[in-house]
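Inspection log for the structure reproduced underneath, given as structure tokens.
In the text below, chain A, chain B and the rest are named by the order of the sequence lines, each starting its count at 1. Excluded from the calculations below are hydrogen atoms, water molecules and symmetry mates; all remaining heavy atoms, backbone and side chain alike, are included. Note that the structure is predicted; figures quoted are calculated from it, not measured.
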There are 2 protein chains.
Amino acid sequence: MKTAFRDVKEEIRRRIVQGVWGPDDLLPNEVDLAEEFDCARATVNRAMRELADEGMVERKRKAGTRVLPSPVRQARFHIPIVRKEIEGRGAQYRYALVNREIIDTPDWLRARLGLESGGKVLHLTCMHYGDSSPYQFEDRWINLTALPQAAEADFDTVGPNEWLIAEVPYSDAEISFSALTAEAEIAKHLGCADGDPLFLAERSTWFETRAITYVRLVFQRGYRMTTRY
Amino acid sequence: MKTAFRDVKEEIRRRIVQGVWGPDDLLPNEVDLAEEFDCARATVNRAMRELADEGMVERKRKAGTRVLPSPVRQARFHIPIVRKEIEGRGAQYRYALVNREIIDTPDWLRARLGLESGGKVLHLTCMHYGDSSPYQFEDRWINLTALPQAAEADFDTVGPNEWLIAEVPYSDAEISFSALTAEAEIAKHLGCADGDPLFLAERSTWFETRAITYVRLVFQRGYRMTTRY
DNA sequence: ATTCTTTTTAAGTACAGACTAAAGTGGACA
DNA sequence: TGTCCACTTTAGTCTGTACTTAAAAAGAAT
């Protein structure tokens with residue numbers, strides 16, 4: 001008997017999985033379960049709290065703990081750093097800056113990041129390769145009002161992602177996945193056909209309400225973002 | 001002072017965000033932090049454990065707790081039940097069965113689900129609508145060896161997803177997102193143009209190592225799967 | 001110097017007890 | 001009948017103590 005709370009958690013999970021406690025059923029309260037499992041209430045509490053975290057049960061004061069009807073409500077995706085992802089596959093990582101410009105912040109970007117009008121942004125486009133074959137196209141916009149030092153940074157050798165990680169301590173972010181069609185330029189960069197369907201990840205990040213960057217990551221053809229749960 | 005552990009957690013998070021403790025830095029140990037915050041070690045432990053869960057720090061016995069270099073490593077996505085998602089937008093949900101057939105399990109499906117050869121599967125295609133406009137195309141395969149009762153179920157009125165939730169208590173799953181091109185049939189169902197890029201979610205589920213179902217969910221044009229963290 | 005062993009340190013877990021805060025329940029009252 | 005408030009139940013949290021375990025560091029043996 002190594003970790004009691006894990007055992008309790010797995011036993012409760014087992015009973016839910018096997019239908020002993022069906023959807024919307026109310027579980028026994030913590031005191032009773034603690035007695036049944038012969039452990040402290042805190043132990044049962046931890047087990048059930050983690051099950052609630054995972055979306056398996058719902059807990060409310062006084063109302064008790066009940067089994068949620070839908071099997072799974074959430075999945076965790078690990079958002080990889082491109083270089084690590086490529087190296088993790090045993091391939092050689094290569095980065096290249098395609099284009100760099102400083103321009104007035106376009107309206108669509110101001111709207112997306114919630115910016116005041118009038119600032120400048122650094123617009124970078126770059127490519128990430130694995131063993132010389134195109135892996136990801138990066139279209140990056142950095143808010144120079146919040147990060148003026150980005151204008152001086154050397155993005156010829158260091159990718160903007162890694163530069164930002166080192167420069168900005170931490171941030172809130174919004175990420176979304178969707179699909180898009182490769183048009184001429186992206187098709188050329190990614191070495192796919194014009195019109196191919198591509199997987200797109202977009203991320204906006206803020207540092208304490210100040211918008212930092214917005215990025216569009218277009219993945220190679222056939223890319224799949226996968227997770228188990 | 002309502003919840004001490006939350007305060008501790010937010011203060012630690014603040015220090016990391018603001019760079020007081022930078023990437024790869026070692027945090028003070030639990031005993032010291034407990035003294036600083038004037039609380040029990042268990043309280044600090046809970047705060048740091050949750051930060052570790054969120055991917056902000058890494059904890060190792062003896063080695064202590066250190067700040068992880070990359071700002072965010074993971075994002076949680078809520079996988080919605082189609083009906084709830086549509087109703088949540090205030091739209092009227094409608095479901096329609098497009099096709100139903102029972103066939104020998106195709107090889108690609110056996111490979112994907114890790115099945116023995118020889119069984120039959122129920123293949124369903126259906127549509128989900130919100131306010132009469134197409135929302136999602138569902139291409140569902142149910143393993144009749146594991147779930148023979150599916151052959152008798154009435155999928156004219158109940159969607160396979162909701163039927164499965166009620167029938168199979170719980171399961172492991174693998175989910176992946178990618179992009180695909182609308183070909184004629186799907187374009188017709190989803191009311192988009194041939195060749196449009198569409199967002200695809202695929203999910204395989206198992207119940208205690210027995211494969212239950214594989215489903216391809218093709219979303220309406222322009223669908224975005226979004227989360228904040 | 002290298003490898004093995006022991007020690008030490010910091011996190012991981014457990015528990016009993018206590019108090020808090022929601023949220024149903026039911027009764028008093030208008 | 002309907003509204004509101006006191007009561008009760010149940011999860012949420014904190015504390016202090018104790019013991020366990022992993023792993024780094026230091027020491028010992030080769």
Side-chain angles (χ1 to χ4, degrees), chain A residues 1-16 20-70 73-74 76, chain B residues 1-16 20-70 73-74 76:
Chain A
M1 185 174 294
K2 309 189 93 175
T3 56
F5 89 85
R6 253 179 257 279
D7 293 343
V8 171
K9 183 175 163 185
E10 287 319 308
E11 173 60 16
I12 294 173
R13 189 204 298 281
R14 195 189 62 76
R15 291 185 193 176
I16 293 172
V20 179
W21 293 321
D24 286 323
D25 280 1
L26 198 61
L27 271 57
N29 71 38
E30 295 187 346
V31 176
D32 292 349
L33 283 174
E35 189 174 351
E36 181 194 333
F37 291 119
D38 191 31
C39 66
R41 183 168 81 93
T43 304
V44 173
N45 181 282
R46 169 128 185 227
M48 300 232 276
R49 187 152 39 76
E50 292 199 357
L51 288 172
D53 271 353
E54 294 167 19
M56 173 145 335
V57 299
E58 181 186 46
R59 319 194 72 199
K60 280 210 291 227
R61 283 170 161 148
K62 161 70 182 178
T65 302
R66 58 178 68 246
V67 180
L68 281 170
S70 27
R73 333 265 313 289
Q74 54 190 13
R76 273 186 182 192
Chain B
M1 182 180 295
K2 306 191 91 172
T3 55
F5 90 86
R6 253 178 257 280
D7 293 343
V8 172
K9 182 175 164 185
E10 287 318 309
E11 174 59 19
I12 295 174
R13 188 202 300 279
R14 195 189 62 77
R15 291 186 193 176
I16 293 172
V20 180
W21 293 321
D24 285 324
D25 280 1
L26 199 60
L27 271 57
N29 71 38
E30 295 189 346
V31 176
D32 293 348
L33 284 174
E35 189 174 351
E36 181 194 333
F37 292 119
D38 190 31
C39 67
R41 184 169 78 94
T43 304
V44 173
N45 180 281
R46 168 120 187 234
M48 300 232 277
R49 188 151 39 76
E50 292 199 358
L51 288 172
D53 271 354
E54 293 168 18
M56 171 142 343
V57 299
E58 181 184 47
R59 318 193 72 200
K60 281 209 293 224
R61 283 172 162 146
K62 159 72 184 178
T65 302
R66 59 179 67 246
V67 180
L68 282 171
S70 28
R73 333 266 315 288
Q74 55 189 11
R76 272 188 184 191

Mind checking the [atom1]-[atom2] spacing from [X] to [Y]? Nearest 0.5 Å is all I need.
X      : Y      : atom1 : atom2 : result
R13(B) : L51(B) : CZ    : CG    : 5.5 Å
F5(A)  : T43(A) : CZ    : OG1   : 9.0 Å
I12(B) : D7(B)  : CD1   : CG    : 11.0 Å
D38(B) : L33(B) : CG    : CG    : 12.5 Å

Interatomic distance, [X] [atom1] vs [N] [atom2] [rounded to whole Å]:
X      : N       : atom1 : atom2 : answer
R6(A)  : dT21(D) : CZ    : C1'   : 12 Å
K62(A) : dA11(D) : NZ    : C1'   : 12 Å
E50(B) : dG12(C) : CD    : C1'   : 15 Å
K60(A) : dT8(D)  : NZ    : P     : 23 Å
R61(A) : dC7(D)  : CZ    : P     : 20 Å

### Task
Could you tell me whether E10(B) and R6(B) have a side-chain N and a carboxylate O separated by less than 4.0 Å?
no
### Query
Quick one: do E54(A) and R76(B) make a salt bridge, cutoff under 4.0 Å?
no
### Message
Tell me whether the count of non-hydrogen atoms from other residues, nucleotides or ligands lying under 6.0 Å of CD in E35(B) goes above 12.
### Response
no
### Message
Taking only side-chain N and O atoms of R59(B), does any of them lie within less than 4.0 angstrom of OP1 or OP2 on dA10(C)?
### Response
no
### Any T65(A) side-chain N or O less than 4.0 Å from OP1/OP2 of dA11(D)
yes
### Message
Please give me every residue in residues 26-33 of chain B whose heavy atoms get under 4.0 Å of an atom in DNA chain D, ordered by residue number.
### Response
none
### Query
Where along residues 37-49 of chain A does a heavy atom fall under 4.0 Å from DNA chain D?
R41(A), N45(A)
### Message
Give me each pair satisfying salt bridge (Lys or Arg N to Asp or Glu O under 4.0 Å) with a member in residues 58-70 of chain A, each pair once, sequence neighbours excluded.
### Response
E30(A)-R59(A)
